[in-house]
Amino acid sequence: MADYIVGLTGGIGSGKTTVANLFAELGITLVDADVIARDVVMKGSYGLAQIAQHFGDDILLDDGNLDRAKLRERIFQDDTERVWLNGLLHPLIRETMLKQCEQAQSNYVIMVVPLLFENGLDSLVDRTLLVDISPELQQQRTMCRDSVTAQQVKNIIGSQASRAEKLSKADDVIDNQGKISALKCKVEALHNFYLKLSSNS
């Protein structure tokens, strides 16, 4: 079991996934909140049964899977529904993340959580790592990657903690405005640092 957990976060389009994958290439187990969030509402799951009971069966697709677009629409129209959904899913996600950390075989674990600080999940980790880029670059990369409008990206960035707030809370910061080769060096340096920290914990 890995006793040392590093929480990896960053705004949309910052390159969290790229950084996480570089740690994975070094043999480190990743526990990804986004993947788990999908798993806890998979067909046949307790989470999906609760959602269908609460919102009705029309929240499901014909094949019995969750209609994500319809759910998104419902919770963005009604704050109380969003609060209800978060109340159901957050504990399930947290429990699964901690279980996966316990099962990890690497010296430390990278827990990838987009809203690490916003959802108070930094309380679960020993150290936090922020992938940081400028809001302009964030916007540019996200528009290219997701084919969304500038306004949509601005809305998403606006709903997350500010850059200054994240920088003030993070223990370590990776500046991801340059080339992938520079990123690899930064990740390797942090990897060696985390190995030392985990062996002393």
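Proximity of Leu71 to Asp67: side-chain heavy atoms (C-beta onward) are nowhere separated by under 4.5 Å. Considering only heavy atoms from C-beta on, Leu66 stays 4.5 Å or farther from Met42 through its side chain. In this structure the side chain of Pro114 reaches within 4.5 angstrom of the side chain of Asp34, judged on heavy atoms. Contact check for Val109 versus Gln100: no side-chain heavy atoms found under the 4.5 Å cut-off. By the 4.5 Å heavy-atom criterion applied to side chains, Thr149 and Met143 are not counted as neighbours. Considering only heavy atoms from C-beta on, Asp172 comes within 4.5 Å of Leu190 through its side chain. Contact check for Glu188 versus Glu25: no side-chain heavy atoms found under the 4.5 Å cut-off. The shortest side-chain heavy-atom distance between Ile5 and Leu124 does not fall under the 4.5 Å cut-off.
Under a 3.5 Å cut-off, the side chain of Asp175 and the backbone N or O of Gln177 do form a donor-acceptor pair. A distance-only check finds no donor-acceptor pair linking the side chain of Thr29 to the backbone of Ala104 [under 3.5 Å]. With hydrogens and angles ignored, the 3.5 Å screen pairs no side-chain donor or acceptor of Thr142 with any backbone N or O of Gln139.
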### Task
Starting from the C-alpha separation in whole Å, work towards a yes-or-no answer on side-chain contact (heavy atoms from CB on, under 4.5 Å) for Asn107 and Tyr4.
CA-CA 7 Å; Asn107 294 61; Tyr4 202 83; over 6 Å; no

### Task
For the pair Asn21 and Leu30, evaluate side-chain contact (heavy atoms from CB on, under 4.5 Å) and give the outcome as yes or no after the intermediate values.
CA-CA 8 Å; Asn21 290 339; Leu30 303 181; 4.1 Å; yes

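Here the straight-line distance linking atom OG1 of Thr9 with atom CD of Glu118 works out to 6.5 Å at 0.5 Å rounding. Atom CZ of residue Arg74 and atom CD1 of residue Ile51 lie 11.5 Å apart, to the nearest 0.5 angstrom. Note: Arg38 CZ to Asn65 CG = 13.0 Å, rounded to the nearest 0.5 Å. Atom CZ in Arg141 sits 12.5 Å away from atom CD1 in Ile12 (nearest 0.5 Å). Here the CG-CD1 distance, from Leu8 to Ile28, works out to 12.5 Å after rounding to the nearest 0.5 Å. Atom CG of Asn176 and atom OG of Ser14 lie 7.0 Å apart (nearest 0.5 Å).
The local environment of CG in Asp63 is crowded, with over 12 non-hydrogen atoms from other residues, nucleotides or ligands closer than 6.0 Å. Atom NZ of Lys186 is surrounded by more than 12 heavy atoms from other residues, nucleotides or ligands within 6.0 Å.
For the residue pair Gly10 and Leu130, the shortest heavy atom distance occurs at CA-CD1, 3.7 Å.
Between Asp122 and Lys169 no salt bridge is recorded (no basic side-chain N to carboxylate O distance below 4.0 Å).
One hydrophobic cluster holds both Leu89 and Val31 under the rule that ILVMFWY side chains link at heavy-atom gaps under 4.5 Å. In the hydrophobic clustering of ILVMFWY residues, with side-chain heavy atoms under 4.5 Å counting as a link, Phe23 and Leu197 come out together. Linking ILVMFWY residues whenever their side-chain heavy atoms come closer than 4.5 Å, directly or via other members, leaves Ile93 and Val112 in distinct clusters. Val187 and Phe193 fall within a single hydrophobic cluster, where Ile, Leu, Val, Met, Phe, Trp and Tyr side chains are chained together by heavy-atom contacts under 4.5 Å. Hydrophobic clustering, with ILVMFWY side chains joined whenever heavy atoms are under 4.5 angstrom apart, keeps Ile180 apart from Ile133.
Ring geometry for Trp84 versus Phe55: interplanar angle over 60°, hence perpendicular rather than tilted (30 to 60°).
A donor atom on one side chain and an acceptor atom on the other are not found under 3.5 Å apart for Glu165 and Ser168.
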